[in-house]
Chemist: 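Please find one structure pasted underneath; my questions will follow.
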Amino acid sequence: MYTPPFTVNAKIIDLISKISEKIGEINSLESSPHHVNLRKENRIKTIHSSLAIENNSLSIEQITAIIEGKRVLGAPNEIQEVKNAVQAYDLLLSLDSKSEKDLLRAHQLMMKDLVTRNGKYRDDGVGILDGSEVVHIAPPADRVPALMADLFEWLKKSDVHPLIKSCVFHYEFEFIHPFQDGNGRMGRLWQTVILKDWKDVFAWIPVETLVKENQSAYYKALNTSDTNAESTSFIEFFLDLILKTIEEIISTEKSEKVTLKVTEKVSLNQQKIIDSIKKNPHITITELAEIIGIARKNIVNNMKKLQDSGRIVRHGAKKNGWWEVVE
């Protein structure tokens, strides 16, 4: 069996450990009311970033509009790229990372009406340019089917950790460059498919966003691995990227949960108290009870809660003082 060359070093082991720990934190946040919206937002970010790397100029707002079926002004080929990517990512959960047929099916969707050989391996030579400089010459077209078959065979049979597998496959895929076009977006998509088959949560983790933000470093890691004739540098780079993406999601979700908790503390009656104080900072407990229509005791209890949470502050003496709402 062909085995792609790479080394599992201390840095890679440490990154795998940290990522696995953070995945547990993400799973504990699944019940967050914000989680469903976050998944939708992350999918849009992923599509936007993946296409932006390939020089698609449409904004997140335009992509959102296309997903919602709205009319968008833009280059027809860029709009088609978005529609294709949406269909491909909608298929994500049903794709089998070990199936070469599924890879070809995903490419067929991703590149529909954009290339003549969508869903088929290339039949001519390709190279990768950095400006006018050729930085990589891909293997001859007649070798592509055998190289891809070997890569999928390794993916099926290797017992290496899925996080490493995903990075190695991504690197080897870009080295082979099996398609006429769309190799970048397909390589990143298939890494996500491999990770999704390990942990479902990766279907919603927008690693593509950090790839876009670190595009130069991404290509540098690919080139370094090319120079070294093995993918260790790329594995290190991409695992670090995955860790940072997960940490960002956890930070966002925790922040949202704090916001929700603060909002939940303010009941309808408490909001009425706040609104009344805004209108009249010198309002009394008795006046509040009459306006809101609840017992004086309940007004006192609610105001204490608002004071404890820092939403209102009392200034001055009991008789001549006044209330302040803290925004």
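Computed from heavy atoms alone, side chains included, the values below leave out hydrogens, waters and symmetry copies.
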Chemist: Counting neighbours of CZ on R314 that are heavy atoms of other residues, nucleotides or ligands and sit closer than 6.0 Å, is the number greater than 12?
Modeler: yes

Chemist: Just how far is it from atom CD of E236 to atom CG of D240, taken to the nearest 0.5 Å?
Modeler: 9.5 Å

Chemist: Decide yes or no for I291 and I283: does some side-chain heavy atom of the first lie under 4.5 Å from some side-chain heavy atom of the second?
Modeler: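 Yes, at least one pair of side-chain atoms sits under 4.5 Å.
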
Chemist: Check step by step if salt bridge (charged side-chain N to carboxylate O under 4.0 Å, His left out) holds for E25 and K22.
Modeler: CA-CA 5 Å; E25 282 191 56; K22 293 297 179 182; 3.4 Å; yes

Chemist: Would a single hydrophobic cluster contain both V160 and Y2, if residues Ile, Leu, Val, Met, Phe, Trp and Tyr are joined by side-chain heavy-atom contacts under 4.5 Å?
Modeler: no

Chemist: Is the closest side-chain heavy-atom distance between L155 and K165 below 4.5 Å?
Modeler: yes

Chemist: Sequence neighbours left out, what passes salt bridge (Lys or Arg N to Asp or Glu O under 4.0 Å) with K278? Give chain and number order.
Modeler: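 Counting only residues at least two positions away or on another chain, K278 forms a salt bridge (Lys or Arg N to Asp or Glu O under 4.0 Å) with E327.
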
Chemist: Testing the basics here: between E100 and P145, what is the closest heavy-atom pair and its distance to 0.1 Å?
Modeler: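 Scanning both residues, the minimum pair turns out to be OE2-O, 4.5 Å.
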
Chemist: Might you point out which heavy atoms bring T232 and T7 nearest each other, and give the distance in Å?
Modeler: OG1-N, 2.8 Å

Chemist: Are L306 and I273 side-chain neighbours, meaning at least one heavy-atom pair lies under 4.5 Å?
Modeler: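 When only atoms from C-beta onward are counted, I273 and L306 do touch, with a gap below 4.5 Å.
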
Chemist: Charged N to carboxylate O under 4.0 angstrom, E54 versus R188?
Modeler: yes

Chemist: Measure the shortest side-chain to side-chain distance between D197 and P162 over non-hydrogen atoms and say whether it is less than 4.5 angstrom.
Modeler: no

Chemist: Are F169 and F152 close enough that their ring centres sit under 6.0 Å apart?
Modeler: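 Distance test on ring centres: under 6.0 Å, yes.
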
Chemist: How long is the span from the CG atom in L103 to the OH atom in Y121, to the nearest 0.5 Å?
Modeler: 5.5 Å

Chemist: Just how far is it from atom CD1 of I137 to atom CZ of F175, taken to the nearest 0.5 Å?
Modeler: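 One gets 10.5 Å once the value is rounded to the nearest 0.5 Å.
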
Chemist: Strictly below 4.0 Å, N to O, side chains only: are E21 and K18 in salt-bridge contact?
Modeler: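 Looking at E21 and K18, the cut-off is not met.
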
Chemist: State plainly whether the residues E153 and K157 are in salt-bridge range, i.e. N to O under 4.0 Å.
Modeler: yes

Chemist: Measuring from I205:CD1 to E208:CD, what's the distance to the nearest 0.5 Å?
Modeler: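 Reported to 0.5 Å precision, the distance equals 12.5 Å.
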
Chemist: Is any side-chain N of the basic residue among K304 and D308 closer than 4.0 Å to the acidic one's carboxylate O?
Modeler: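 Answer for the salt bridge query: yes.
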
Chemist: In terms of side-chain geometry, is the basic nitrogen of R185 or E81 positioned less than 4.0 Å from the acidic oxygen of its partner?
Modeler: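 Answer for the salt bridge query: yes.
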
Chemist: Same cluster for L92 and V201 if Ile/Leu/Val/Met/Phe/Trp/Tyr side chains link at under 4.5 Å?
Modeler: yes

Chemist: Would you say that F238 contacts H170 through its side chain, given a criterion of any heavy-atom pair below 4.5 Å between the two side chains?
Modeler: yes

Chemist: I want to check something: taking the side chain as every heavy atom from C-beta on, are E78 and S57 in contact at a cut-off of under 4.5 Å?
Modeler: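 SC-SC contact between E78 and S57 confirmed.
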
Chemist: Could you tell me whether the side chain of K40 reaches within less than 4.5 Å of the side chain of W204, counting heavy atoms only?
Modeler: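 No, their side chains stay 4.5 Å or more apart.
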
Chemist: Passes side-chain hydrogen bond (donor to acceptor under 3.5 Å, both in side chains), S231 versus E172? Steps please.
Modeler: CA-CA 8 Å; S231 57; E172 293 287 330; 5.1 Å; no

Chemist: Shared ILVMFWY cluster between M148 and V126, side chains joined below 4.5 angstrom?
Modeler: no

Chemist: Does the pair K279/D275 count as a salt bridge with the N-to-O cut at 4.0 Å?
Modeler: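 No, no charged N to carboxylate O under 4.0 Å.
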
Chemist: Starting at CG of L51, measure out to CG of N56 and round the result to the nearest 0.5 Å.
Modeler: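 Going from CG on L51 over to CG on N56, the span is 5.0 Å.
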
Chemist: Among V82, T209, I63, find the residue that satisfies the side chain to side chain contact (heavy atoms under 4.5 Å, CB included) test when tested with H48.
Modeler: I63

Chemist: Using the benzene-type ring in the case of Trp, are the ring centres of W198 and H161 under 6.0 Å apart?
Modeler: yes

Chemist: Find out if a path of hydrophobic residues (ILVMFWY) with successive side-chain heavy-atom gaps under 4.5 Å connects V300 to I274.
Modeler: yes

Chemist: Taking all atoms of both residues into account, what is the closest heavy-atom pair of S166 and Q191, and its distance?
Modeler: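 Looks like OG-NE2, 3.1 Å.
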
Chemist: Could you report the tightest heavy-atom contact between A106 and L95, atom names first, then the distance?
Modeler: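 What the structure gives for the nearest pair is CB-CD1, 4.2 Å.
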
Chemist: Is the number of heavy atoms from other residues, nucleotides or ligands within 6.0 Å of CG (N320) greater than 12?
Modeler: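 At most 12 heavy atoms, drawn from other residues, nucleotides or ligands, come within 6.0 Å of this atom.
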
Chemist: Can you tell me how far apart CD (Q270) and OG (S309) are? Round to the nearest 0.5 Å.
Modeler: 7.0 Å

Chemist: At their closest point, which heavy atom of L243 faces which heavy atom of L15, and how far apart are they?
Modeler: CD2-CD2, 4.0 Å

Chemist: Please tell me whether N118 and Q180 have a donor and an acceptor in their side chains that are separated by less than 3.5 angstrom.
Modeler: no

Chemist: Evaluate the side-chain proximity of I242 to I246: yes if any heavy-atom separation is below 4.5 Å, no if none is.
Modeler: yes

Chemist: Considering residues, nucleotides and ligands other than L73, do more than 12 of their heavy atoms fall under 6.0 Å from its CG?
Modeler: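 Open.
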
Chemist: Hey, is D102 close enough to R105 for a salt bridge, meaning N to O under 4.0 Å?
Modeler: yes

Chemist: State plainly whether one hydrophobic cluster holds both W322 and M303, where clusters connect Ile, Leu, Val, Met, Phe, Trp and Tyr through side-chain heavy atoms under 4.5 angstrom apart.
Modeler: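 Each belongs to a different hydrophobic cluster.
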
Chemist: Using ring-ring contact (aromatic ring centres under 6.0 Å, His included) as the criterion, point out the one residue from F179, F173, W190 that pairs with H107.
Modeler: F179

